[in-house]
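For reference, the structure discussed in these notes is given below.
Hydrogens, waters and symmetry mates are skipped; everything else that's a heavy atom, side chains included, is used. Below, chain A is the first sequence line, B the second, and so on; all start at residue 1.
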Amino acid sequence: MKRVISVIVENEHGVLARIVNMFAARGYNITSLTVAPIPNSEFSRMTIMSEGDPKVFEQIVKQLYKLIPVYKVIESDDFIQKEMAMVKFPLKEVKNNLADIDAIAKCYNGKISNVNDKHIVVSVVDRPDRIDNFLKAMSVKYKNLEIVRSGVSVIER
Amino acid sequence: MKMTGARIVIESLIKENVEVVFGYPGGAIMNVYDELYKQDKFKHILAKHEQGAVHMADGYARATGKVGVAMVTSGPGLTNAVTGIATAYTDSIPMVVISGQVPTTAIGTDAFQEVDAVGVTRPITKHNFLVKDVNDLAFIIKEAFYLAKSGRPGPVHIDIPKDVTVAKTTFNYPEKIELKTYKPTYKGNKRAIKRAVEAIKKAKRPVFYIGGGSVLSGASEIIREIVKFTKIPSVETLMARGVLKYDCPYLYGMVGMHGTFSANMAMNDADLIISLGARFDDRVTGKIDEFAKNADIVHIDIDPSQIGKVVETKYPIVGDVKLVLEEMMPLLFDGIDTERYKEWRDILDRYQELYPLKYADSDEVIKPQWVIERTGHLVPENAIITTDVGQHQMWAAQFYPFTYPRQLITSGGLGTMGFGFPAALGAKEGMKERVVINFTGDGSIMMNIQEVLAGYKYNLPVVNIILNNNYLGMVRQWQTMFYEDRLSETDLSDVQPDFVKLAESMGGIGFRVSKKREFEKALKEAIKSKKVAFIDVQVDRREDVLPMVPPNSPLKNMLVFKEDK
């Protein structure tokens with residue numbers, strides 16, 4: 001089962017390594033990870049998507065709290081989740097379907113964000129499961145795509 | 001007044017009332033050693049190897065309950081210390097390890113004697129620091145000592161680049177410390193405690209499962225009181241030996257792989273296990289799917305991550321064992337019917353009668369268990385016992401009459417061969433008036449034997465009783481039991497040193513004992529000599545540690561007799 005937790009940590013030397021090491025040392029998976037400082041504070045927020053049964057999650061949360069620079073671990077079933085994805089299409093694949101792509105991208109809070117003589121780049125921002133759907137739809141329809149996902153960010157409702 | 005970073009380290013250690021530092025100098029830590037030279041507030045003990053230094057600090061901490069302090073240089077100094085740090089970490093021993101580091105300007109350039117020290121110690125410390133600015137130094141040292149001894153204790157490592165020890169700032173040692181992100185829970189939740197008490201009163205077959213956390217929290221006295229009053233059967237882990245006195249009628253001995261039959265059956269048959277600072281280690285539980293199938297668990301631990309980690313816990317209580325039990329005691333004593341557990345005690349007494357801890361003594365050869373029992377009779381009751389790791393460790397845990405907590409100093413979690421002797425030296429430094437005995441084997445003792453010189457130089461007379469079977473005995477036992485006696489690289493009979501000469505060459509004294517009647521005299525003379533002593537006792541080569549729960553078997557499938565194999 002996939003779950004997202006948000007970890008508020010002190011912004012100090014080696015804190016990311018501490019968190020990641022703990023996952024590695026205990027054999028827990030990290031599906032995605034995003035980190036950025038929280039403005040006007042000494043903290044950073046790490047959003048970690050992981051996989052495992054509820055017992056594993058309980059241990060993950062406890063082991064995170066055990067790390068000294070961890071201030072708070074937020075688990076919630078009611079996060080607003082957003083992830084960004086960028087997709088690079090070879091222009092020759094899609095030159096007759098630009099309107100189509102733009103329309104679909106709009107459904108996923110996205111748009112065509114860059115075009116040059118070889119490629120177009122589409123970016124979308126949405127829930128990770130909806131991003132999955134979008135990418136699946138695009139991959140079925142077009143070939144030779146380059147896909148970049150940002151990993152999920154969340155905020156409590 | 002401005003001070004150098006090096007001076008700040010020394011002044012901070014003085015502020016922490018450090019009495020002794022165990023260490024080994026080197027390039028990157030030289031400035032700190034230079035300041036150490038100029039002061040006389042605390043002592044420094046020069047080990048012969050950094051691992052020895054850290055084990056000494058560990059033994060000192062375990063014997064005294066204070067924070068042990070070790071100091072090493074960068075690179076190989078730090079990597080040599082790693083086994084010592086990991087040993088302390090797995091047994092939750094409060095310790096501060098200070099290492100030198102190449103200058104901040106050289107970090108990351110693969111400089112001489114550079115290693116990513118905080119990277120190396122991250123998984124084996126409670127916390128670690130790389131000090132990048134001299135202005136943070138005093139605060140970090142304060143924080144390190146606070147972290148090491150508070151909550152669930154553990155080693156904390158401070159890595160100090162050489163230029164930080166040169167840089168100057170005003171010395172301001174914080175009086176108190178408060179960390180936003182670290183607030184251990186000491187007092188247990190009242191409702192949880194009440195629920196647990198009710199469960200104990202309702203149980204038919206409860207058992208106190210006493211672990212090392214009971215020693216760390218100083219809970220021995222209150223546990224003794226509770227066990228005496230409630231008459232609830234109790235078992236101890238290796239790390240908890242001595243929490244109850246060996247002759248306590250409700251103590252069924254050690255639990256786990258080499259525990260007593262009655263202790264393991266107590267866990268197996270219990271309907272309520274009350275864990276006091278223990279962690280359901282695999283050496284205790286045996287095959288986990290078959291562990292205590294009919295028992296509910298009350299788990300008292302200061303570290304929330306231990307609760308529910310291995311077994312499902314119906315009554316979790318996060319808190320310090322001693323404080324929780326203080327809260328529990330009046331509730332428990334109020335209206336408890338101790339006759340209720342009589343039938344249960346009778347069953348366990350019967351198990352004890354049927355399968356007591358025993359060995360077949362002999363007049364021809366010396367049995368290792370006999371040496372341990374004999375030592376228990378010959379040394380003062382308050383003697384400190386350290387061990388290395390292997391068969392002798394288990395025999396010591398089984399057969400020594402432990403009378404008080406912190407009496408047994410042993411590497412439980414990591415199982416570090418070479419721990420016992422330096423730990424004994426550290427314990428002796430902290431407890432000068434006590435007799436200190438290290439039970440060791442002919443394998444383990446070789447791993448830190450260089451420290452005889454440290455014992456000689458600093459006048460730390462400890463007695464090493466080498467239970468010499470010319471084997472790496474515990475591995476040999478497993479090879480015999482589970483590998484059809486293929487003794488791969490465990491027979492040491494052709495590579496034995498002369499322990500008597502070895503001791504003498506480094507200022508110690510040695511004895512060789514091959515007859516029972518020689519042992520008592522050797523031990524008495526060893527203690528009287530006030531030197532580091534080796535007593536090389538030639539014991540029965542093929543003696544096994546029994547009883548035994550075979551690896552990954554349920555506790556009830558114990559091999560009790562030799563024929564069970």
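- Heavy atoms of B/Lys132 lying under 4.5 Å from chain A belong exclusively to its side chain.
- The part of A/Lys55 that comes within reach of chain B is its side chain, from C-beta onward, which places non-hydrogen atoms under 4.5 angstrom from that chain.
- Ion pairing between a basic and an acidic side chain is recognised when a charged N comes within 4.0 Å of a carboxylate O; A/Asp77 and A/Arg3 show such pairing.
- Between the side chains of A/Gln63 and A/Tyr28, no donor N or O sits under 3.5 Å from an acceptor N or O.
- Salt bridge status for B/Glu143 with B/Lys176: absent, with no side-chain N to carboxylate O gap under 4.0 Å.
- Taking the ring centroids of A/His13 and B/Phe129, they lie at or beyond the 6.0 Å cut-off.
- For the set B/Asn128, B/Leu147, B/Val118, the count of heavy-atom pairs under 4.5 angstrom toward chain A peaks at B/Asn128.
- Using a 4.5 Å cut-off between heavy atoms, A/Tyr65 makes no contact with chain B at all.
- Put simply, of B/Lys180, B/Glu312, B/Arg122, the one with the most heavy-atom pairs under 4.5 Å next to chain A is B/Arg122.
- Neither the backbone nor the side chain of A/Ala25 has a heavy atom closer than 4.5 Å to any heavy atom of chain B.
- A/Phe79 places a side-chain heavy atom less than 4.5 Å from the side chain of A/Glu156.
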